[in-house]
Undergrad: 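First the structure, then my questions, so here it is.
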Amino acid sequence: MLLGTVLVLLLAGAAPASAHAALRGTDPDDGSLVRQAPRHVTLTFTESVGLLDDSFRVFGPDQRRVRTGEATHADGRSDTARIGLPGKLAEGTYTVAWRVVSADSHPVSGAFSFSVGKRSATTTQVDTGPTEDPLTRGLYDAARYLAYLAAALLVGTAAFALLCRPAHTSPLRRPLVAAWWTLLGSTAVLLLLRAPYEAGTGPATAFDTTALGRTLTSRPGLALLARLLVLLLTAAFLIWLSRCRDAGKRPVAQATGTALAAALAMTWAAAEHASAGIQVPAAMTSSVVHLLATGVWLGGLVALLLTLRRSSGDDLVEVVPRFSRIAFASVTVLAVTGLYQSWRGLGSLPALTGTSYGRLLLAKLAAVAVLLLVAGYSRRWTARIAVPAVAARAAVPAPVPQPVGAPAEDREAEAESGTHGSGTTSGEPESPDGPVRPGAGSGDPGVRRRLRRSVLVEVTVAAVVLMITTVLTGTLPSRAQAEAAQQAPAGALPPTTEITVPFDTGTGSVTGSGTVQVTLDPARVGDNGVQAVVSGSDKGLIVVPELRITFTLPSRKVGPIDAELTDRGGYWSTNAVNLPLAGNWTMKTTVRVSDVDQVSVERRVRVEP
């Protein structure tokens, strides 16, 4: 019931998306030259995005910020962001800096530019402001890592106490309390820093009541509030558990603890990668199970380490083998769920080495492999502790049936000799691997010391694994990155084609060589617009007496078709070049820089149907 309540609270209104938003396209296109000033700037993403008060910052040719309207979703589509522009824009290049929040709670940002009428001659970099505050990002990431660490310790220690049933739980109380308070504090810090983290501002803005109110109504904010609620219920459960001495209530305690742990894990699954993308229900289920298995194993290691230091040898004979079996089951669950989540995030094998997400995943797998090797070493010493219990059970003499009426002295002699019906003596107990060496069990300080050392190494490597996991959950998944590169924005205009044509008349002057930047829009069958800007060898714009562009389709013997460009005072353009067929056209660009110096350069251009 608790898990269902948390799920409904966090997923109300959620829609499937590609985990971690990536920009699919812009209108106007990045780097494009448009003839008329657009009324809006529209961005399309691979998933639904949340908008901030300052999601767009538009800077004009004079590098001053342009007054814009409020950011909205275009046509009610949650995967778009749109901002209105003033009615009149001066000619020149405009820079648009943007920042939105993806459905998996991570902010994403970037910038692009477009030009109206002509491109600005200046090459000065426009200062669009910081994309994020490093101090806020550092504090937020540190709080996220502490939250992961504390949750694993809290779940693992509680599970160890309930499932392994050590005779003395006093060594576990301190880590339980420390984990609870750490998780409570880190969650409160995340809640306060959420608004400046999204906006990319400094920590001082965390106490802005307007921004904080917006955080409390967002999905990440609701997830953090739900986590605080679950923590309060967990505190009440732990207090009840510490006062409960009735062993018959252990099944109720185990069921309640499992529900609370699952609800706690849900607060992560509902606000991160699992909540967006393909197969959301399966992904969230896998994420919850994965987080629980991680806590039971890694947090249980800390509990085992403390138990090894404080408990008696007789207690360890039962506790250590129980945890060994639980840890093995947890590793199996982690392997299955981890494989599924890796496939979901990667999308393809080449992404394993070709993307940041894939390389981080490889680093995590390497750390987990080391962890498993150390765990295998620990299991050897776990078996040495478990042997005495097996041997002790095997050493108990079985009663030998005596014939009815047998003399009493015969039965007494049989008991004194300690023989079994099979004739085996009980003087030296045997383990599955042979006779037990005296002192080789849980009472041997050497065995316990080696086990403690190997478990300590496991705990250290586990902390590294959790650190890599924290970074991984904040990295753009490879599948989303591929979707952004392959898919075109739904309903958007066909992309323009830009061709850079270098020329050199051989005169050696600044204007005798350079490049012509040609834009063909929309590079489709039918009427097309052509804009061309000529730059000299010093990258500055130059004025030439003549610029001519013709198109020929050799495979169909069509052309040459003259674009008939017109000098617009800084750039050349035309609005109506009819290209009647699809195919690979040859674009011939002729640049005349003086009465006698000119050069022609050919380039291939693809015209789509």
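Because the structure is predicted, anything quoted here is derived from the model rather than measured.
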Undergrad: Between P220 and T215, is there a side-chain heavy-atom distance shorter than 4.5 Å?
TA: no
Undergrad: Establish, yes or no, whether the cationic atom of R144 lies under 6.0 Å from the six-membered ring centre of W268 and within 45° of the ring axis.
TA: no
Undergrad: Does R604 reach the side chain of W585, with side-chain heavy atoms less than 4.5 Å apart?
TA: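 Not in contact.
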Undergrad: Which heavy atom of F503 sits nearest to which heavy atom of S535, and what is that distance?
TA: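 What the structure gives for the nearest pair is CE2-O, 4.0 Å.
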Undergrad: Do T93 and S115 pair up side chain to side chain, a donor and an acceptor below 3.5 Å, judged on atom types alone?
TA: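 Yes, side-chain donor-acceptor contact under 3.5 Å.
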Undergrad: If you apply the rule side-chain contact (heavy atoms from CB on, under 4.5 Å), what do you find for D53 with R214, and how did you get there?
TA: CA-CA 10 Å; D53 291 339; R214 186 176 63 247; 3.1 Å; yes
Undergrad: Quick one: pull up CG in D30 and CG in L43 and give me the separation to the nearest 0.5 Å.
TA: 10.0 Å
Undergrad: Looking at every non-hydrogen atom in both residues, tell me the closest pair between A523 and N528 and how far apart they are.
TA: N-OD1, 2.8 Å
Undergrad: I need the minimum non-hydrogen distance between A262 and V288, along with the two atoms involved.
TA: O-CG1, 4.1 Å
Undergrad: Would you say the side chains of R82 and T72 form a donor-acceptor pair under 3.5 Å?
TA: no
Undergrad: Work out which heavy atom in R194 is nearest to a heavy atom in Y140; give both atom names and the distance.
TA: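 Minimum heavy-atom separation between R194 and Y140: NH1-OH, 2.7 Å.
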Undergrad: How far apart are the closest heavy atoms of V607 and V525, and which atoms are they?
TA: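 Shortest heavy-atom contact: CG1-N, 3.7 Å.
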Undergrad: Is the backbone of I83 close enough, under 3.5 Å, to the side chain of T68 for a donor and an acceptor to pair up by distance?
TA: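 The answer is no, because no donor-acceptor pair under 3.5 Å joins these two groups.
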Undergrad: Which heavy atom in L51 sits nearest to a heavy atom in A81, and how many Å separate them?
TA: CD2-CB, 3.6 Å
Undergrad: Please determine which of L184, L232, T187 meets the side chain to side chain contact (heavy atoms under 4.5 Å, CB included) test together with R227.
TA: T187
Undergrad: Strictly distance-based, threshold 3.5 Å: is any side-chain N or O of S55 a donor or acceptor partner for the main-chain N or O of R99?
TA: yes
Undergrad: Does M266 reach the side chain of M284, with side-chain heavy atoms less than 4.5 Å apart?
TA: yes
Undergrad: Students often mix this up, so state it plainly: with edges at 30° and 60°, are the rings of F114 and Y94 parallel, tilted or perpendicular?
TA: parallel
